[in-house]
A.B. asks: 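The following block contains the structure, expressed as structure tokens.
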Amino acid sequence: MADHGSGPRAFADPVIDIADMYVFPSPERPDRLVLVMDVFPFAGPGAFFSDAVDYRFRLRPVEIAATGLRAAFTVGGEEYVVTFRFGVPVESQPGLLAQDCTCITSMGHSAACRVNDEAGGQCPGLRIFAGRRMDPFFFDGVRTVQTVMSGKLSYEAVGTATTAHQNILSVIAEIDIAAFTKTGHGPLFGVVSETLTHGSLSVRLERFGRPEIKNMLLLPRQYDQVNRDLEVRDLFNQEDAFQLGKAYAGAYRARLNANLAFWDGLDGKVDWPLGEHGAHPLTEFLLADFMVIDVSKPYAEDSAFEIEVAMLKGAEHKSCGGRSPNDDSIDTYLTLLVNAGNGPRISDGVDAPAVPSSRSFPYLVPPEPNPPPVRPPALNPAH
Amino acid sequence: MAAQVPAFVRRVDPAGTPVSGTDRIVTTVGSIALANLNAQIQGQERLAMAGLLSVPQHAALIELVALRGLVVGRISDYEWADAQADALVRGHPAVGTALLSRARLHVRLHRFGAASLDLAAAVSLGLDPEVAEAERAAVLQATGAYDKALTVFRAAAARRADFASLGALAVLHAERGDVQSAETFFGASRAAFRGVSPIPLALLDFQHGRMWMRASENERARRAFASAVRLVPAYAPAQGHLAEAEAAIGETCAAVSRLLPLTRSSDDPDYAAALARILRDAGREDEAAAWRAAAASRYDELLARHPDAFADHAAAFLLEPGGDPHRALAWAKRNLALRDTPRSRQLVARAARACGPARRRRGFGNRGNDEARA
């Protein structure tokens, strides 16, 4: 799934597990950028955010450094930070606990709200929401696992959405774009969401840049000829998305090279010829794991990866990029991996969310009161 | 700008840089951690009941429920987990993970022989031998084979010195009575903690407190149990042991106030037993009698269902305040046969002394023997 359960640490404590991130210009207020972070997959009604965790977005200006098969961004040194923090739940009514939230930005905003309050909170230039919502992610996770295990594209015309009508905890910020463009930065920004500990020892627990980097490209080990026994996702989660450390870079590269080649081969032809030492053309591009948004362009529901795909083709991008909740970004991603856009669109058979997200704040729809049982994907279902 | 920053967010600045160096480890408040554990279990239980979980996912749910049972002192959680693990093996008899899950429940319920058999079978079915070795070490430790367990734990810590492996060494040294080594590893384990859930740290503090209690360092024990309770207020065994430490240093009222809610929230008779003991020692025999009767009745139920799991605690209760040293001795001997630990040996010796010459005259054929041999 997008990033649900993306490592042993996330499985052990879902309150730090970033399941997803969406970044898009507001459809109702084009001068605002919307940042959505989902945590706690399959959250039951009693789930709370942690009071010991910073849920934060980091934005850095990026520029296109190269296009074609060596496509890459350069990342600027300026950083804009949007941080959500939560309090200890207090009894608001007899037997009813309420949790408060504050959002602070490095640009000087500070807004507060009560968790699950539909109205959220706001201050000049910033509007926020925090609470339980229906998970907007749509994807056939079980057949994706079947694909990895069998080595054959296993999707059907009509798939089964793994997270349909399930709930998550969301933090949503709608922020004035001028706050980070007025200093001359932009229009391209790299965005990453993170959970990290409070305290004098601040530890990055999870991060999210693009969907399915960890679960589709770093989790499967069977094609990796170098580190087949190594679970690399927790290591990858601890890295700075904008400045990958050197210690484990070789392990990440080996895993990505192997798994990207696997996905490319699923249609029986090679669309991504490997370079020297088996290097896949997408490996370095995807190792820089942040989501890129063009804040000068309007909201779109089919813009995910469009900037990256255009760069790979040596063309100019036309959309805002980023990712909105109704965008079938997984099909776009699968198509990029399997045939590089040289063949038919690859579909997982799930083309829309169970309930489409709204075009108005807070965008994600209210939680499902009675989530149906669904089969979660399992890479090794028997063992 | 607009809203005033509430106090709770002042621990770090907007970029996430700590303001104070004193709060090196900050964990999720215990009430949230427990609520989220429940939320996690609820979410997974629905899927388990619908038969939608894979074996590893089902095993993970069983672990979560057993963890909740451990934290809130809910024996019914253990029983649910035990039944689920057994059903998992019946449904997937050739899957190592299922057998591992059941082996873990066997260990929790002191069925050490069955645990060893399941672990051996799991390895033959392809379970990672390193995982099985860690579980075998838990069996070795629980049964008093400390030297063998130490070899395994040292090797694990040499491979990866993290919170879990260092904590395992700390607890083992503590059980062996090597307080100095245990202190080193308790500190090292704590320093290696990298999460935000307070539960692992509370479990570590609890074991730290047990070490001091065994050493009759009641004030140190009280501090360690209090630390566990600060992290997770609903941690029933920590609350119960804290009450006993408080009673030991003369804070009887605090101990009684702490134990009373546990007798309502937990289905474990340990709290009624502790209350009976503390009230009796305080000269409040009438009140103690009611709690003694409640504990005796519940221990009888549990001994009938899980004799190995409760032999130890039931023997301690029957010895005092239960007032039945003969049954205590029988259960203590059964416990010693399962686990040859210093505590087990001490329990047998105390029970034998309590039986006195009368026991030697009457022989060993009393109710306790029949029960404990069953």
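The basis for the numbers below is simple: all heavy atoms, side chains too, and nothing from hydrogens, waters or symmetry mates.
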A.B. asks: Would you check if A:Gln99 and B:Ile32 make a side-chain contact, meaning some heavy-atom pair closer than 4.5 Å?
C.D. replies: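 Yes, at least one pair of side-chain atoms sits under 4.5 Å.
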A.B. asks: Are there more than 12 heavy atoms of other residues, nucleotides or ligands under 6.0 Å from atom CD of A:Gln243?
C.D. replies: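 Check fails, neighbour count at 12 or below.
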A.B. asks: In Å and rounded to the nearest 0.5 Å, what is the CD1 to OG distance from A:Ile16 to B:Ser197?
C.D. replies: 10.0 Å
A.B. asks: Quick one: does any side-chain atom of B:Asn36 pair with a main-chain N or O of A:Phe48 as donor and acceptor, under 3.5 Å?
C.D. replies: yes
A.B. asks: Report the distance from atom OG1 of B:Thr28 to atom CZ of A:Phe86, rounding to the nearest 0.5 Å.
C.D. replies: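 Reported value, rounded in 0.5 Å steps: 12.0 Å.
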A.B. asks: Determine which pairs satisfy salt bridge (Lys or Arg N to Asp or Glu O under 4.0 Å) with at least one residue from residues 193-202 of chain A, sequence neighbours left out, and list them in order.
C.D. replies: A:Arg56-A:Glu194, A:Arg58-A:Glu194, A:Glu194-A:Arg204
A.B. asks: Is it the case that over 12 heavy atoms from other parts of the model lie below 6.0 angstrom from the OH atom of A:Tyr248?
C.D. replies: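 No, the 6.0 Å shell around OH holds no more than 12 heavy atoms from other groups.
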A.B. asks: For A:Glu79, is it the side chain, the backbone, both, or neither that has a heavy atom closer than 4.5 Å to a heavy atom of chain B?
C.D. replies: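 Contact with chain B involves no heavy atom of A:Glu79 at all.
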A.B. asks: Between A:Gly46 and B:Ala35, which heavy-atom pair has the shortest distance, and what is it?
C.D. replies: O-CB, 3.6 Å
A.B. asks: Could you list all the side-chain hydrogen bond (donor to acceptor under 3.5 Å, both in side chains) pairs where at least one residue sits in residues 39-51 of chain B, not counting sequence neighbours?
C.D. replies: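 Qualifying pairs, neighbours excluded: A:Gln166-B:Arg46.
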A.B. asks: Between atom CD of B:Glu130 and atom CG of A:Asp229, what is the distance when rounded to the nearest 0.5 Å?
C.D. replies: 9.5 Å
A.B. asks: What part of A:Phe40 is in contact with chain B, defined as an atom under 4.5 angstrom from a non-hydrogen atom: side chain, backbone, both or neither?
C.D. replies: side chain
A.B. asks: Which answer fits A:Pro372, side chain, backbone, both or neither, if we ask what part of it has an atom under 4.5 Å from a heavy atom of chain B?
C.D. replies: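 For A:Pro372, the backbone is the part near chain B, not the side chain.
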A.B. asks: Which of these, A:Thr195, A:Val53, A:Leu196, A:Val203, sits in a side-chain contact (heavy atoms from CB on, under 4.5 Å) with B:Val196?
C.D. replies: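 Result for side-chain contact (heavy atoms from CB on, under 4.5 Å) with B:Val196: A:Val53.
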